[in-house]
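Everything on this sheet refers to the single structure shown next.
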Amino acid sequence: MTAQPHEAGGADIAARIERRWAALSFAIVAALTALAAFAGIQQAAMPQAELETVDPTTLHIRGEFTEGNLGSALEPDGTVTVRAIGQQYSFTPQCILVPAETPVTFRATSADVVHGFLIDGTNLNAMLVPGYIATFTARFDAPGEHVMGCHEFCGVGHAGMWARVEVVTRQSFEDMAKGKKRLSCVE
Ligand SMILES: [Cu+2]
């Protein structure tokens, strides 16, 4: 069967468009591959600026994460540092107290296995890896309460691993901080 002239023209145009689309999709795949390769190589060449390690077996005996040093500390510059640990199957402190409208630095680690550290209603989401200190900063806009769950399966008691973050006004936090080295809302 012989194709009519106008039909052949239509097929040519369709083939050309199809080749263009194919070329475009190859270009997109190539660009994504190049991006992934660059990001991977760059990350391997430039690791995290600060990688802090800690011995998970001696957390309770010495260093930054001893029990008396956990909780929220009001720093001389007015910011707040929160130190916490995760262990099977709880967080210490169970209730973290922070002021609103204040830069808060979290420093946390795990005493045993990998745990998650997720503060509901915020974009704060970290992993607590034994041997390493997870550090991140946050700012809570308004007083309120957030639940904080472990989102990394850590064993049979994982589902019960919850804590709370209580955000109070800057003023009441300062009042509570008077004469106290560390604060928490654990009753
Ligand atoms: Cu856990």
Side-chain angles (χ1 to χ4, degrees), residues 36 39-40 42-44 46-75 79-170 172-173 176-177 180-187:
Q42 206 223 17
Q43 267 226 311
M46 288 187 238
Q48 215 175 319
E50 271 181 69
L51 188 66
E52 290 178 275
T53 57
V54 66
D55 183 356
T57 60
T58 57
L59 286 183
H60 57 303
I61 302 169
R62 58 173 169 268
E64 190 182 337
F65 294 96
T66 51
E67 198 177 352
N69 205 35
L70 298 176
S72 314
L74 184 58
E75 305 292 352
T79 65
V80 167
T81 305
V82 175
R83 291 184 181 83
I85 58 170
Q87 65 265 300
Q88 289 168 319
Y89 298 102
S90 63
F91 292 100
T92 309
Q94 273 293 305
C95 183
I96 291 172
L97 188 75
V98 291
E101 295 167 283
T102 304
V104 178
T105 302
F106 284 86
R107 291 177 61 77
T109 189
S110 165
D112 39 44
V113 300
V114 175
H115 295 284
F117 191 105
L118 182 135
I119 302 177
D120 189 52
T122 70
N123 64 351
L124 303 173
N125 180 344
M127 267 169 82
L128 308 184
V129 180
Y132 297 92
I133 300 173
T135 305
F136 54 95
T137 53
R139 193 185 174 93
F140 295 87
D141 292 333
E145 202 176 291
H146 301 267
V147 289
M148 191 182 111
C150 172
H151 62 81
E152 210 54 69
F153 183 77
C154 56
V156 286
H158 167 69
M161 190 165 167
W162 291 92
R164 291 185 294 134
V165 175
E166 207 174 298
V167 187
V168 297
T169 60
R170 170 88 201 175
S172 42
F173 187 88
M176 286 185 258
K180 270 195 178 171
K181 215 171 131 259
R182 296 291 178 264
L183 287 170
S184 80
C185 39
V186 177
E187 281 122 31

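Every number for a ligand or one of its atoms is a count from 1 in the order of the listing. Throughout, numbering of the chain's residues begins at 1 and tracks the sequence.
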- Nearest to the Cu ion (ligand 1) - the N/O/S atom of H115, by atom name: ND1
- Query: Do you see an N/O/S atom of Q88, backbone or side chain, under 2.8 Å from the Cu ion (ligand 1)?
  - Reply: no
- Message: Can you tell me if, anywhere in H158, an N/O/S atom lies at a distance from the Cu ion (ligand 1) that is smaller than 2.8 Å?
- Response: no
- Message: Heavy-atom count check: over 12 atoms from other residues, nucleotides or ligands less than 6.0 Å from E67 CD?
- Response: no
- State whether the number of non-hydrogen atoms from other residues, nucleotides or ligands found under 6.0 Å of Y89 atom OH is greater than 12. yes
- Query: What does the angle at the Cu ion (ligand 1) come to, between atom SG of C154 and atom SG of C150, rounded to 10°?
  - Reply: 120°
- Item | Separation of T169 OG1 from E101 CD (nearest 0.5 Å) | 9.0 Å
- Note on the structure: The side chain to side chain contact (heavy atoms under 4.5 Å, CB included) partner of C150 among F91, F117, W162 is F91
